[in-house]
Amino acid sequence: MTLRVYNTLSGEKELFETVKPGEVGIYLCGPTVYKPSHIGHAVGPIIFDVIKRYLTFKNFKVTWVLNVTDVEDKLIAESQAQGRDMLELARDLERQYVDAMAALGVKNIDYMPRASEHIQEIIDHIGQLMEKDYAYAVDGDVYFDVSKDEDYGKLTNRKADDQESGTREGLVKAAKRNPGDFALWKAAKPGEPDSAKYKAPWGSGRPGWHIECSAMAMKYLGQTFDIHGGGLDLKFPHHENEIAQAESATDQVFAKYWLHHGLTRFNTKKIAKSDPEMAKVMESLQITNLLKKHDPEVLRFLILQSHYRSPIEFSEDVVKAAKTGLGTFRRLLERIERVTNADPYKPELQIERMRDVEMDPRSRSLFDELMQSRVRFLEELDDDFNTAGAIAVLFEIASAMNKYIDDAKLETHSEELPRNVLRACGGTLVSFGNILGLFERRPAAVSMGDDGKVPALLELLVDVRKMSREAKQYGIGDHIRDELTKLGITLEDGKDGTRWRID
RNA sequence: GGCUGCGUACCCAAGUGGUUUAAGGGGACGGAUUGCAAAUCCGUUAUUCGCCGGUUCGAAUCCGGCCGCAGCCUCCA
């Protein structure tokens, strides 16, 4: 099985071949920490987290870098508006971001370099470009000369001359040699905080955004590495400029594969802070607020249910549908636990290992189906990380297992063999989910602000219901159940007693 | 104006030349099960992939035109 990835550079799916055998270097553009992150900021980290998990599963040694931009014009403006120290504000927002990502199951980032801590590397990088005459300084600013870079624009297929002149004209500084030249270094201006001023050979100031990324990417991953990712709104100018800087400085290929993920939308529009309409709903789209309302695994599941290159239309309805869908797996895992008496979240048995075990026809047929699903699941991920297709396979697996439990009547009487088959199937389901960062742990019980009394009270109600039902007093039992449903508590009468579920 | 994409059922969403006379999820409806529910299982819900034309033995998938939507060209995941 071979992995193919869509490379923005070629516009095609390409066979994935690493720069160094067995190793993969990944750089993903992270946040500029000047405002709280919104749900759209989670898409990149989640899909790249899956990419890393999958490549690791395929036995690659993966190094994943995600940067934090903490020296930037907007951050300066925001800190001044709030009257807070710039770096203090940046650290605060960074912590929120990291916590939110951790909650969403993004835990495999190897390096999170901050721009503010890589000024020397950035200055060296600019120095190289000046030495090779790709860059020039004017009044303390340093610009990259796009006319010197012959293949400038190769990522997004554009020529600086063809771009709309109207929007740009007002911003063009007379000092620039070409309108498309971009800043590598910005001279400090009066009134800017000291924490945004760094000494450089061409004067005090701060780095441009683009150079931060190429400098840090090369520091941690080398001059040439495998995958560079980001939102597709970063293709131009950010990634185009990164390529120009890095390849002009080193004469080597910068990143081999460029992966761009789709943007999250709300009401068909990209979620962006600068959009005035969006600003009104921004608070509800902030990750920290969404995490207060929704299970993080549901949000992750929702994001992975579409292909990473597609846009995601975010709404409460979509979250609800994702929650219901994920619930299917959670109930199945609970069911497996009841039948097998083993913790399904710690899978130690896999279906492949049951190959030579003698089985009844029903078990054999489930085994066969799962072995086929296994192949399809991996094929989906090999096809440009098609997580949506992979999840579809998981649903089919879940359905087959539920049917098996039903048909073999495992809940009322179960023998050793079917229990082991089920345990192995559950193990496979969970380990596949784990590749997507799902089913990693038992869903947290919904907190009702109690001190353990709610479960006890529910047990009491269940008990009362049981007594009334045994006396054929169904009205009482139904009343209890109906009223609990209104509170978001579901009662299920099974053969082995009544179970309750909150929310 | 230049450059990218996208348009698949009631909703979300895979699939980009034959293995698909279109996965999967949500919803709705019918059946099994249940005292009734819930959960689970079975079935139904696109002869059709924005529209029109072309290429091909064969197209949702390729080409052209049109319509609609989004992204970039200024900071943005």
Side-chain angles (χ1 to χ4, degrees), chain A residues 8 11 13 28-32 34-35 37-45 47-48 66 69 72-74 77 153 156-168 170-171 180 209 229-238 240 260-265 268-275 301-302 305-307 309-313 315 317-318 320-328 331-332 334-335 376 380 383 386-396 398-407 411 469 472 474-475 477-478 481-482 485 490-495 498-501:
Chain A
T8 304
K13 280 185 199 170
L28 175 67
C29 285
T32 298
Y34 78 101
K35 282 252 168 106
S37 299
H38 57 253
I39 181 70
H41 289 118
V43 175
I47 179 62
F48 276 83
L66 188 152
T69 298
E72 210 267 331
D73 297 12
K74 284 205 159 182
T156 52
N157 184 31
R158 59 183 98 196
K159 303 181 195 82
D161 305 344
D162 289 346
Q163 302 306 309
E164 196 165 284
S165 52
T167 45
R168 183 160 265 190
L171 303 163
W209 175 42
L232 57 78
D233 53 346
L234 297 188
K235 280 199 256 184
F236 190 92
H238 187 52
E240 199 71 79
H260 289 101
H261 67 256
L263 304 178
T264 309
R265 298 181 191 172
T268 78
K269 291 279 191 299
K270 159 187 172 181
I271 297 173
K273 287 164 272 218
S274 47
D275 185 310
F301 186 78
L302 146 60
Q305 253 194 309
S306 43
H307 186 96
R309 278 191 283 117
S310 309
I312 297 169
E313 179 66 39
S315 67
D317 283 354
V318 171
K320 210 173 150 195
K323 183 178 177 177
T324 309
L326 183 62
T328 299
R331 283 189 297 274
L332 170 61
E334 262 177 48
R335 214 177 171 200
R376 283 201 296 132
E380 293 290 1
D383 182 15
N386 189 347
T387 55
I391 288 176
V393 175
L394 295 185
F395 272 110
E396 289 173 20
S399 188
M401 289 173 68
N402 269 319
K403 189 170 163 54
Y404 180 76
I405 299 172
D406 281 358
D407 290 352
E411 279 171 314
R469 288 173 73 221
K472 304 273 188 234
Y474 292 120
D478 291 351
R481 189 176 58 196
D482 291 347
T485 302
T490 310
L491 293 189
E492 290 180 10
D493 297 325
K495 291 211 167 64
T498 298
R499 289 182 294 277
W500 51 268
R501 202 170 63 233

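In what follows, chains carry the letters A, B, and so on, assigned in the order in which the sequence lines appear, proteins first and then strands, with residues in each chain numbered from 1.
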Practice item. For RNA chain B, list all stems, counting runs of three or more consecutive pairs where every pair is Watson-Crick or G-U wobble with both distances under 3.5 Å. Key: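 Stems for RNA chain B, defined as runs of 3 or more consecutive pairs: B:1-7 with B:67-73, B:10-12 with B:24-26, B:27-32 with B:40-45, B:50-54 with B:62-66.
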Quote, to the nearest angstrom, the [atom1] distance that separates [N] from [M].
N	M	atom1	answer
B:G24	B:G64	C1'	34 Å
B:C12	B:C52	P	22 Å
B:A22	B:G31	P	27 Å
B:G53	B:U45	P	28 Å
B:A59	B:G18	P	11 Å
B:A70	B:U8	P	14 Å

Looking across every strand, which nucleic acid part, if any, lies under 4.0 Å from [X] by heavy atom: base, sugar-phosphate, or nothing?
X	answer
A:S399	sugar-phosphate
A:A392	base
A:G40	base
A:G229	nothing
A:H38	base
A:R335	sugar-phosphate
A:L332	nothing

Candidate nucleotides [options], ranked by approach to the side chain of [X] - the nearest:
X	options	result
A:N157	B:C3, B:A77, B:C73	B:C3
A:L234	B:A77, B:U40, B:A14	B:A77
A:A388	B:C41, B:A37, B:A13	B:A13
A:E492	B:G27, B:A13, B:A39	B:A39
A:S306	B:A13, B:G15, B:A39	B:A13

Side-chain donor or acceptor of [X] under 3.5 Å from a matching atom on the base of [N]?
X	N	answer
A:D317	B:C12	no
A:K74	B:C75	yes
A:R469	B:G35	yes
A:R481	B:A37	yes

If I take atom [atom1] in residue [X] and atom [atom2] in nucleotide [N], what distance separates them, rounded to the nearest angstrom?
X	N	atom1	atom2	answer
A:E240	B:U4	CD	P	12 Å
A:Y474	B:G35	OH	P	7 Å
A:K495	B:U34	NZ	P	7 Å
A:R331	B:G25	CZ	C1'	13 Å
A:E396	B:C42	CD	P	11 Å
A:D73	B:U74	CG	P	15 Å
A:K323	B:C11	NZ	P	24 Å
A:I312	B:C11	CD1	P	19 Å

Restricting both atoms to N or O, compile the protein contacts to nucleotides 67-71 of chain B shorter than 3.5 Å, with distance only.
{"from": "B:A70", "atom 1": "OP1", "to": "A:K269", "atom 2": "NZ", "distance (Å)": "2.6"}
{"from": "B:A70", "atom 1": "O2'", "to": "A:R265", "atom 2": "NH2", "distance (Å)": "3.2"}
{"from": "B:G71", "atom 1": "OP1", "to": "A:K270", "atom 2": "N", "distance (Å)": "3.4"}

Review point. Are the side chains of A:E411 and A:K495 in touch, meaning some heavy atoms are under 4.5 Å apart?
Key: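 Answer no - side chains too far apart.
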Nearest-0.5 Å distance, [atom1] of residue [X] to [atom2] of residue [Y]:
X	Y	atom1	atom2	answer
A:R335	A:R499	CZ	CZ	8.5 Å
A:T328	A:N402	OG1	CG	8.5 Å
A:H261	A:S306	NE2	OG	11.5 Å

Counting only side-chain nitrogens and oxygens, does [X] get under 4.0 Å of the OP1 or OP2 atom of [N]?
X	N	value
A:N402	B:C41	yes
A:T328	B:G26	yes
A:S310	B:C6	no
A:R499	B:A38	no

Practice item. May I ask you to check whether A:T32 and A:E72 show a side-chain donor-acceptor distance below 3.5 Å? Key: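 No - no donor-acceptor pair under 3.5 Å links their side chains.
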Point to revise | By salt bridge (charged side-chain N to carboxylate O under 4.0 Å, His left out) - contacts of A:K13 (at least two apart) | key: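 Salt bridge (charged side-chain N to carboxylate O under 4.0 Å, His left out) check on A:K13 returns A:D383.
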**Study point:** Partners passing salt bridge (charged side-chain N to carboxylate O under 4.0 Å, His left out) against A:D493 (at least two apart in sequence or in another chain)
**Key:**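 Checked A:D493 against salt bridge (charged side-chain N to carboxylate O under 4.0 Å, His left out); matches are A:R465, A:R469, A:R481.
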Check your understanding: Which is it for A:T8 and A:L232 under the side chain to side chain contact (heavy atoms under 4.5 Å, CB included) test, yes or no, and what are the steps along the way?
Key -> CA-CA 9 Å; A:T8 304; A:L232 57 78; over 6 Å; no
Check your understanding: Do A:E313 side-chain atoms and A:T268 backbone N/O form a donor-acceptor pair below 3.5 Å?
Key ->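 A pair under 3.5 Å: yes.
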Practice item. Using modelled atom types only, decide if a donor and an acceptor are shared between the side chain of A:E240 and the backbone of A:T156 within a distance under 3.5 Å. Key: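 Flag set: sc A:E240 to bb A:T156 pair under 3.5 Å.
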Exercise for review: Just jot down the side chain to side chain contact (heavy atoms under 4.5 Å, CB included) partners of A:K320, sequence neighbours excluded, or say none.
Suggested key: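 Counting only residues at least two positions away or on another chain, A:K320 forms no side chain to side chain contact (heavy atoms under 4.5 Å, CB included).
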Check your understanding: Can you name the residues that form a side chain to side chain contact (heavy atoms under 4.5 Å, CB included) with A:S315, not counting sequence neighbours?
Key ->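 Only A:D317, A:V318 meet the side chain to side chain contact (heavy atoms under 4.5 Å, CB included) criterion with A:S315.
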